[in-house]
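All residue numbers in this chain count up from 1 along the given sequence.
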Amino acid sequence: MTIQNQESGIAQKPEQELPQSNSADLDRIVSELTEQSPMCREINRGQMVAFINADLINRCNLDVRTSIVLYDADRDFRYAVAEMPDETVMAALHERAGIAYWSKGV
């Protein structure tokens with residue numbers, strides 16, 4: 001679809017609006033996990049170490065102190081990644097894998 005520019009008389013395509021970020025919606029879906037009991041933290045740390053060691057060649061860049069850790073609704077460790085996934089990926093992880101929380105390090 002083109003629109004005739006009134007001033008120059010040149011046909012132009014209309015500017016498409018970029019979709020607005022749904023970061024506020026995403027924050028309600030996948031929240032940062034800020035508080036854990038010491039026992040849960042230690043269990044999650046152990047599970048993350050086992051996760052890294054299960055595929056050490058491919059996961060050697062992960063660190064229990066600095067990686068992005070993903071948790072389910074029960075606040076149990078599920079996965080870890082080196083960098084924060086974008087909003088689209090986080091929404092898909094929530095929908096398909098039940099990820100409800102994240103934290104930087106355990």
Problem set entry | Heavy-atom pair with the smallest gap, counting every atom of Asp86 and Val89 | OD1-N, 2.9 Å

Exercise. Would you say Phe51 has more than 12 foreign heavy atoms packed within less than 6.0 Å of its CZ?
Worked result: yes

Exercise. So how far is it from Gln36 CD to Asn44 CG, rounded to the nearest 0.5 Å?
Worked result: 5.0 Å

For this session: Taking Ser67 for its side chain and Val69 for its backbone only, find out whether a donor-acceptor pair lies under 3.5 Å.
Result: no

Seminar exercise, completed: CG (Leu93) and CH2 (Trp102) are apart, to the nearest 0.5 Å, by 13.5 Å

Exercise. Do His94 side-chain atoms and Ala100 backbone N/O form a donor-acceptor pair below 3.5 Å?
Worked result: no

For this session: Determine whether Val106 and Leu56 fall in the same hydrophobic cluster, where Ile, Leu, Val, Met, Phe, Trp and Tyr are linked whenever their side-chain heavy atoms lie under 4.5 Å apart.
Result: yes

For this session: Please name the pair of heavy atoms, one in Ile68 and one in Pro85, separated by the smallest distance, quoted to 0.1 Å.
Result: CG2-CD, 4.4 Å

Problem set entry | salt bridge (Lys or Arg N to Asp or Glu O under 4.0 Å) involving Arg96 - partner list, sequence neighbours excluded | none

For this session: For residues Val49 and Val64, determine if any side-chain heavy atom of one lies less than 4.5 Å from a side-chain heavy atom of the other.
Result: yes

Exercise. Would you say Asp63's side chain and Arg65's backbone share a donor-acceptor pair under 3.5 angstrom?
Worked result: yes

For this session: Check the hydrophobic clustering (I, L, V, M, F, W, Y; side-chain heavy atoms under 4.5 Å; chains of links allowed) and say if Leu62 and Tyr79 are grouped together.
Result: yes

Seminar exercise, completed: Residues pairing under salt bridge (charged side-chain N to carboxylate O under 4.0 Å, His left out) where one sits in residues 44-59, two or more places apart or in two chains, turn out to be none

Problem set entry | Cation-pi, Tyr71 ring and Arg78 (6.0 angstrom, 45 degrees) | no

For this session: Spell out, as yes or no, whether a donor-acceptor pair under 3.5 Å connects the side chain of Ser37 to the backbone of Cys40.
Result: yes

Exercise. Can you check whether Glu32 reaches Lys104 side chain to side chain, under 4.5 Å on heavy atoms?
Worked result: no

Exercise. About how many Å separate OG of Ser103 and CZ of Arg75, when rounded to the nearest 0.5 Å?
Worked result: 11.0 Å

Exercise. What distance do Phe77 atom CZ and Leu70 atom CG have between them, rounded to the nearest 0.5 Å?
Worked result: 8.0 Å

